[in-house]
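Working notes, beginning with the structure itself.
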Amino acid sequence: MTFRRPLIIRPPSEWKSYFLPLTSGCSNNTCTFCGYFGSKLQIRESEEIRKEIDALAALVSYGLDIPGVQISPLDQWDGKRVFLQDGDALAYPFPKLKETLEYLNKKLPNLERIAAYATPQDILRRDVDELSILKKLKLGILYTGLESGSDELLQRVGKGLNSDHVIKATRKAKEAGILMSITVILGLGGVEGSEKHVEDTARVLSEIDPEYAGALTLTLVPGTPLHREWKEGNFHLISPFQSLEELKTIIERANFTNCFFSSMHASNYQAVRGRLPQEKEGVIEELEYVLAKRDPSSLRPEFSRGL
Ligand code: SF4
């Protein structure tokens with residue numbers, strides 16, 4: 001079966017990366033809010049990946065175009081970072097993943113950091129020694145979705161794990177020296193579940209104490225079960241200003257040692273960022289200002305929100 005090259009869906013901070021697909025879809029395709037819901041995981045042949053790396057290296061080193069090999073757009077690439085696609089590239093079989101990273105390092109000697117999305121299940125499947133090998137091969141950061149600290153909510157949205165799995169997975173990656181960036185989704189509990197979602201999310205984020213944390217705002221994707229629930233009137237979306245209330249409360253309540261927190265993702269109505277706890281006050285003041293004014297025109301307009 002021909003490998004379908006996935007669309008580029010990336011964390012905001014990976015905009016300077018080269019996007020190298022290892023898989024397409026997500027191995028955990030049951031989250032009712034996610035565009036990958038029901039997707040079929042495709043594992044790309046390593047031979048095909050090597051050809052793409054060869055083509056990229058030929059272009060970088062000699063300016064040569066290799067005909068017949070598709071590569072990702074290079075206009076924003078800094079030549080130093082690679083982001084492995086897709087929804088959880090860490091699901092790629094370990095021996096092949098290791099070989100791919102070795103090949104990347106060999107062909108792109110200026111490479112500084114490799115990144116990927118990973119589910120907590122992917123991380124827990126690997127032992128610390130395996131993760132350490134990947135770290136030595138420059139896998140520097142994994143992006144993982146906690147989504148919510150509420151186990152009840154995680155179960156309701158089909159996440160297939162509880163918050164304890166995320167805590168354990170994060171510890172394992174940290175032990176191997178891999179940075180963790182944890183994502184939470186504002187509005188995931190809807191109107192009725194908002195309070196518990198926020199309370200539990202702040203608590204679990206504090207326990208994880210990641211190096212990076214990011215907030216997304218729930219965007220209903222047509223065709224997903226959550227979108228259907230909303231259409232049927234069984235799920236009530238919070239308002240844009242309520243999403244900022246959630247964001248503010250999470251930042252207020254979470255205790256971090258040294259975490260770069262950001263809501264720069266295009267799904268959010270207001271972008272804030274700062275190092276916590278050092279810049280906590282400033283970030284909260286920024287949100288309080290927007291919340292006090294309640295001016296819809298100060299928010300990111302609906303049409304320019306993205307996934
Ligand atoms: S939210 Fe993450 S784990 Fe769930 S289906 Fe989407 S990509 Fe996969």
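Just follow the structure's listing: the first ligand is 1, and inside any ligand the first atom is 1. In this text the structure is predicted, and so the values were computed from the model without any measurement.
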Could you give me a count of protein N/O/S atoms that are under 2.8 Å from atom 8 (Fe) of ligand 1? 1
Relative to each other, are the rings of Phe256 and Phe261 parallel, tilted or perpendicular (30° and 60° limits)? tilted
Looking at [Y] and [X], is any side-chain nitrogen of the basic one under 4.0 Å from a carboxylate oxygen of the acidic one?
{"X": "Asp122", "Y": "Arg125", "answer": "yes"}
{"X": "Arg305", "Y": "Glu302", "answer": "yes"}
{"X": "Asp164", "Y": "Lys168", "answer": "yes"}

Run through Arg81, Gln76, Glu52, Lys80 and flag the one making a side chain to side chain donor-acceptor pair (under 3.5 Å) with Tyr18. Glu52
Distance to 0.1 Å, residue and atom name: give those for the protein heavy atom nearest to atom 2 (Fe) of ligand 1. Lys159 NZ, 3.8 Å
Between Phe33 and ligand 1, which residue portion shows a heavy-atom distance shorter than 4.0 Å: side chain, backbone, both, or neither? side chain
Have Arg5 and Ser72 got a donor and an acceptor in their side chains that come within less than 3.5 Å? yes
Starting from Val166, can I reach Tyr143 by hopping between I/L/V/M/F/W/Y residues whose side chains sit under 4.5 Å apart? no
